[in-house]
Each structure stands twice: as structure tokens, then as C-alpha cells.
2 protein chains.
Amino acid sequence: MSSPSSAEGSTSTATGTATSTARGRPARLEPSRTVETALRLLDESGLDALTMRRLADAEGVRAGALYRHFATKQELLTAMAERMLAGVAAEAAASGAAGDWGERLAALARSMRTALLARRDGARVYAGTHSTGPNTLGFSEAVTGVLREAGFGDEDAARALMAVGAFTLGHTLEEQAALQPECADGETPADPERLRHAVASGPYPHLATGLPALAGGDFTAHFEFGLRLLVEGLRSLEGNRGR
Amino acid sequence: MSSPSSAEGSTSTATGTATSTARGRPARLEPSRTVETALRLLDESGLDALTMRRLADAEGVRAGALYRHFATKQELLTAMAERMLAGVAAEAAASGAAGDWGERLAALARSMRTALLARRDGARVYAGTHSTGPNTLGFSEAVTGVLREAGFGDEDAARALMAVGAFTLGHTLEEQAALQPECADGETPADPERLRHAVASGPYPHLATGLPALAGGDFTAHFEFGLRLLVEGLRSLEGNRGR
DNA sequence: ACCTGAACACCGTTCAAGT
DNA sequence: ACCTGAACACCGTTCAAGT
């Protein structure tokens with residue numbers, strides 16, 4: 001409310017190489033800072049509102065300048081996905097260090113879910129990209145490592161990685177879709193209400209009894225349930241192999 | 001190559017209520033036919049090229065006319081997702097009828113995967129929507145029904161539905177992303193090659209040994225592996241409950 | 001009731017020209 | 001080397017006006 005013209009480039013407080021929004025002419029672009037700004041805009045306005053033009057504005061630059069550092073918007077999104085996974089493998093290693101392979105695997109899946117949930121539309125951003133950066137590969141390496149050190153074969157370890165990854169991504173995708181703000185002013189009836197009505201009015205007896213548990217429950221418990229199924233499934237495989 | 005002007009509205013051959021692209025003036029829009037046309041365009045050009053304007057062209061109408069039948073593009077996509085799941089529950093009931101609950105659950109997951117894979121970008125379309133139509137709800141009802149009839153409690157049945165759904169969606173998402181055409185003329189190095197290079201040149205010993213199994217193997221086997229983990233996990237739950 | 005014409009407020013991306 | 005200015009070829013969506 002105080003000075004409307006000074007509220008723009010106030011993000012880079014500590015860095016000396018700030019954007020210098022006004023007066024100072026060039027306003028250099030630095031890739032890593034650009035990715036961080038993009039993630040901030042994502043949190044503020046969501047994926048649909050994340051625009052090359054808006055990102056350029058936030059960096060005090062014209063849209064075309066971004067293409068000197070990111071060949072395409074897809075490349076920018078990939079860099080954002082990679083950045084979101086920073087520290088995931090390390091955090092999981094710390095929290096799962098005391099447990100057996102099942103607990104260490106679960107810790108990895110949990111920290112990936114936490115990382116995706118930490119940013120608005122995080123799962124959607126991640127689902128649309130295929131990073132080959134150190135954070136993404138480090139996570140896969142950690143999962144595969146836990147399984148191979150537990151005695152699983154190469155093929156089983158790779159497939160278990162895919163299963164855990166698919167489940168975790170799919171789960172956080174549904175989770176963030178269910179938690180989305182949707183109607184800002186209470187306009188739209190929202191998803192859960194329409195779902196409840198559709199289930200109640202149609203021939204879905206089994207679904208109707210299960211719906212409160214699904215929609216009402218906390219997603220962390222749901223996630224833990226699915227995670228347990230996967231880990232117990234892997235244990236039964238271990239048993240069949242005779243160890 | 002023959003007559004360039006007659007290649008447009010040649011899709012509705014049998015229906016008498018065709019679009020009548022030229023001369024016949026109004027060109028009425030019918031919602032169910034519009035959804036089918038949208039799915040055809042999806043298969044032909046992919047999700048990113050599916051545009052309200054292009055869909056309107058294919059129906060011989062101006063873009064604004066679509067909004068008389070679909071309030072938003074999102075609503076159109078939801079209708080497409082719902083349509084993609086037509087017959088999924090019925091097909092699964094037929095193919096899994098002979099088996100126990102585990103086999104019937106697996107049959108449901110398989111037919112959902114098949115339905116999503118049947119259309120280009122099917123998983124992406126489905127992931128971005130939340131249909132409350134009969135095909136979508138019928139699938140959830142079938143899954144919950146199989147589990148409750150097998151003796152699982154309401155909460156476990158609901159959570160197992162979510163786990164199987166998240167895994168199936170996440171898996172087909174990765175599957176279609178890996179199989180995407182990407183570079184039409186062999187321009188881009190493609191994802192798998194860049195991934196292989198990144199894994200080989202970095203500190204990822206476990207991933208490196210598991211990568212051929214992951215990238216080279218067929219996705220159906222990967223899917224079956226994850227599906228088995230979930231079903232075996234549910235069996236172990238059943239055992240702990242003492243039945 | 002349903003579609004056309006035309007606009008509004010944007011997009012991602014490219015590229016000559018400046019510095 | 002890196003950014004600006006300005007354009008190109010589009011978007012989703014709205015709405016008066018026609019029929």
C-alpha cells in the first residue's frame with residue numbers, strides 16, 4: 001500500500017547481482033535465479049498462470065530474453081522439476097537410515113511425495129517433464145541401490161523403482177487435484193460435492209459406502225496404505241525366492 | 001492429392017445428420033459427436049494440438065459455437081476422459097470372471113491401462129480431469145465391489161482403489177511419455193539416449209545396471225510386476241486379518 | 001435456440017537490431 | 001554475448017447480432 005513502484009524486484013535481497021528493475025539498464029538473467037523465480041510464481045499463481053511473459057516481467061526482462069537461456073518453455077519446466085527434487089535423496093537417507101530396506105524404500109517415496117506437495121501443482125509440473133539431472137537421477141539411484149543391496153535382482157529392482165515412482169506420482173497428482181482451490185469466491189459447486197451427489201444418485205452401492213473413507217480421510221494415510229502394499233508385495237517376492 | 005477441397009468433412013459417412021461442411025448453411029453441433037471428433041483429433045495430432053478452434057473447424061463451425069455445449073475446454077476434456085473409459089468395467093468383468101478377487105482386480109487395472117493407451121496422450125487427458133460420469137464411477141464401483149466382496153473393509157477397499165488407480169495412471173503416464181514420437185525428423189537426441197548418457201557419465205552404478213531392464217523391457221511386463229506387488233500386498237493384509 | 005462475426009486479452013517463439 | 005522491439009501465428013473465451 002505504501003509505495004507501489006518499489007514492490008516489484010524485492011525478492012533478491014541478499015544477492016548483489018539483483019535485477020535492478022528500474023533505471024539500471026541491462027538487467028542480466030541468471031538461469032538458476034530464473035528457475036527459482038519461476039517456482040515462486042508457480043506457488044503464487046499455479047501452473048496455468050506461469051507464462052514466459054510473466055516470468056520475464058518478474059525478472060525485469062522481455063520475454064524473448066529467456067530463450068537465450070532456455071530453448072523452450074518445456075526446458076524451463078524440466079529445470080523446475082529437477083530443482084524441486086533437491087535434497088530428496090539425502091533427506092530420505094537420513095530419515096530411513098535406521099530401518100531395513102522396506103523402511104528405507106518407504107522413506108524415499110515419502111520424501112519424493114513431500115517434495116512434490118511442497119509446491120503448488122508440483123506433481124503436474126513433474127509429470128510433464130523428464131529430467132536427467134542429478135536430483136532426479138540421484139533419487140532413482142537411491143531407490144535402485146536400496147533394493148539391490150537388499151538382494152533383489154537388476155530386473156526386479158528396476159521394475160520396483162518404476163512401480164514406486166508411478167504410484168507416488170499418481171497419488172500426489174490426485175492429491176493436489178483434490179486440494180486445488182478451484183472456485184475462488186465459492187462459485188463452482190467444487191469437485192467433492194458433485195462427486196458425492198453423482199455417487200449417491202447412481203447405482204454405486206460399493207462406492208457409496210467407501211466414498212467417505214476416500215474423500216474425507218487424510219491423504220497421508222492413503223499414501224501410507226499404498227506404500228505398504230508395494231513393500232509387502234516386494235517382501236512376498238523375497239519370500240518366494242527363498243531367503 | 002486428387003481434389004484438395006473435398007478432403008474436409010469426410011468422417012461422418014454413415015450418419016445422416018452430417019456436418020454438411022459447405023453450402024448447407026447451419027451445420028448443427030451435437031455434443032456426443034463433438035467429443036468423438038475431439039478424440040479423433042487427439043489421436044491424429046496429440047493433446048497440445050487439440051484446440052477449440054481446430055475442433056470447431058473439424059465440425060464445420062466457428063469456435064464460439066462450441067461454448068453453447070461445453071462451458072469450457074476443461075469440460076470438453078472431461079467428457080473425452082469419460083468417453084475413453086467406455087466399456088472398461090464390462091471388459092474387465094468378462095476377462096476376469098474366472099479368477100479370484102486378485103485376478104478380477106488385476107483385470108480391472110489392465111483394462112483401464114488398455115483404455116488409456118488406446119488413445120494418443122490418453123493418460124495425460126485423464127490425469128487432467130475429474131469425471132463423475134458413469135464410465136469413471138462404474139470403474140471405481142467395480143474395483144470397490146471386488147474388494148468388499150472379498151471381505152476387505154470399507155476403508156481398505158477405498159484405499160486400495162486409490163492405490164491401484166494412482167499406480168495405473170502414473171504408469172501409463174510414464175509409458176506414453178516414453179513412447180512419444182518427439183522428434184519427427186530425427187532432430188532431437190530423444191529422451192532415452194540422453195538418459196543413457198547422463199546415467200553412464202554420472203555416479204549412478206545401481207541405476208546403470210538397472211537401466212537396460214527399465215528402458216529396454218516391455219512396459220506390459222513392468223505394469224504386471226507393479227500390479228502383482230499391489231495384489232500380493234493386499235493378500236498379506238488379508239493374512240494378517242486372519243482369514 | 002443456436003450459430004456467426006468480431007473482438008478482447010492474451011499466448012510461445014523468432015529475429016533483426018542495438019549495446 | 002545478451003537484451004530490446006516488434007512481429008508472427010496462434011490461443012480460450014465472450015457477446016452482440018443475425019436466423
Side-chain angles (χ1 to χ4, degrees), chain A residues 8-9 17-35 37-38 41-42 45-80 121 125 128-129 182-184 187-188, chain B residues 8-9 17-35 37-38 41-42 45-80 121 125 128-129 182-184 187-188:
Chain A
E8 268 195 278
T17 57
T19 319
S20 73
T21 316
R23 212 201 70 254
R25 270 124 312 127
R28 280 192 118 54
L29 228 33
E30 205 222 341
S32 73
R33 177 167 42 81
T34 305
V35 172
T37 303
L41 292 184
L42 181 71
S45 317
L47 179 55
D48 295 334
L50 181 66
T51 278
M52 295 301 265
R53 285 172 145 96
R54 270 212 250 262
L55 176 57
D57 277 356
E59 287 286 86
V61 109
R62 313 299 288 250
L66 291 169
Y67 291 84
R68 192 77 31 182
H69 304 275
F70 304 93
T72 179
K73 187 183 184 183
Q74 186 61 39
E75 196 170 301
L76 190 255
L77 289 167
T78 301
M80 291 168 67
D121 293 328
V125 170
T129 61
E182 290 209 71
C183 39
E187 289 251 20
T188 322
Chain B
E8 267 193 282
T17 56
T19 321
S20 73
T21 317
R23 209 199 72 254
R25 267 127 309 127
R28 279 192 119 55
L29 229 32
E30 205 223 340
S32 73
R33 178 165 41 83
T34 305
V35 172
T37 303
L41 292 183
L42 181 71
S45 317
L47 179 56
D48 295 334
L50 181 66
T51 279
M52 295 300 265
R53 285 172 145 95
R54 271 211 250 262
L55 176 57
D57 278 356
E59 287 287 84
V61 112
R62 315 297 289 248
L66 292 169
Y67 291 84
R68 192 78 32 182
H69 304 274
F70 304 93
T72 178
K73 185 183 184 181
Q74 185 63 37
E75 197 171 300
L76 189 255
L77 289 167
T78 302
M80 290 169 67
D121 293 328
V125 169
T129 62
E182 291 210 70
C183 38
E187 289 253 15
T188 323

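Below, read A as the first sequence line, B as the second, and so on, with proteins coming before strands; counting in each chain starts at 1.
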Nearest atoms (heavy-atom pairs only) where Phe70(B) meets Val35(B)
CZ-CG2, 3.8 Å

Contacts under 3.5 angstrom, residues 48-56 of chain A side chains, donor-acceptor by atom type, not counting sequence neighbours:
| from | atom 1 | to | atom 2 | distance (Å) |
| --- | --- | --- | --- | --- |
| Asp48(A) | OD1 | Arg124(A) | NH2 | 2.8 |
| Arg54(A) | NE | Ala49(A) | O | 3.0 |

Taking atom NE2 of His69(B) and atom OG1 of Thr34(B), what is their separation to the nearest 0.5 Å?
6.5 Å

Counting primed atoms, P, OP1 and OP2 as sugar-phosphate and everything else as base, the B/S/- map of nucleotides 8-13 of chain C against protein heavy atoms under 4.0 Å is ---BBB

Dot-bracket, 5' to 3', for DNA chain D please: Watson-Crick or G-U pairs under 3.5 Å, [ ] where pairs cross earlier ones, | where the partner sits on another strand, dots elsewhere.
||.|||||...|||||.||

What residues form a side-chain contact (heavy atoms from CB on, under 4.5 Å) with Thr129(A), not counting sequence neighbours?
Gln74(A), Leu77(A), Thr78(A), Ala81(A)

When rounded to whole Å, the CG to C1' distance for the pair Leu29(B) and dT4(C) reads 13 Å

Calculate the interatomic distance between Arg28(A) atom CZ and dT4(D) atom P; express it in whole Å.
11 Å

Distance check, P atoms only: dA9(D) and dA9(C), in whole angstrom units.
23 Å

With sequence neighbours left out, the residues meeting side-chain hydrogen bond (donor to acceptor under 3.5 Å, both in side chains) with Thr37(B) are Glu59(B)

Between Arg62(B) and dG5(C), is there a side-chain N or O to OP1/OP2 distance below 4.0 Å?
yes

So Leu42(B) and Met80(B), side chain to side chain contact (heavy atoms under 4.5 Å, CB included) or not? Walk me through it.
CA-CA 10 Å; Leu42(B) 181 71; Met80(B) 290 169 67; 4.1 Å; yes

Give the minimum heavy-atom separation between Ala58(A) and Leu41(A), together with the two atoms involved.
CB-CD1, 4.1 Å

Could you go over nucleotides 16-19 of chain C and give all protein N or O partners under 3.5 Å, atom names and distances?
none

Minimal heavy-atom distance between Ala38(A) and Leu76(A), with the atoms involved, is CB-CD1, 4.3 Å

His69(A) NE2 to dT4(D) P, straight-line distance once rounded to whole Å
10 Å

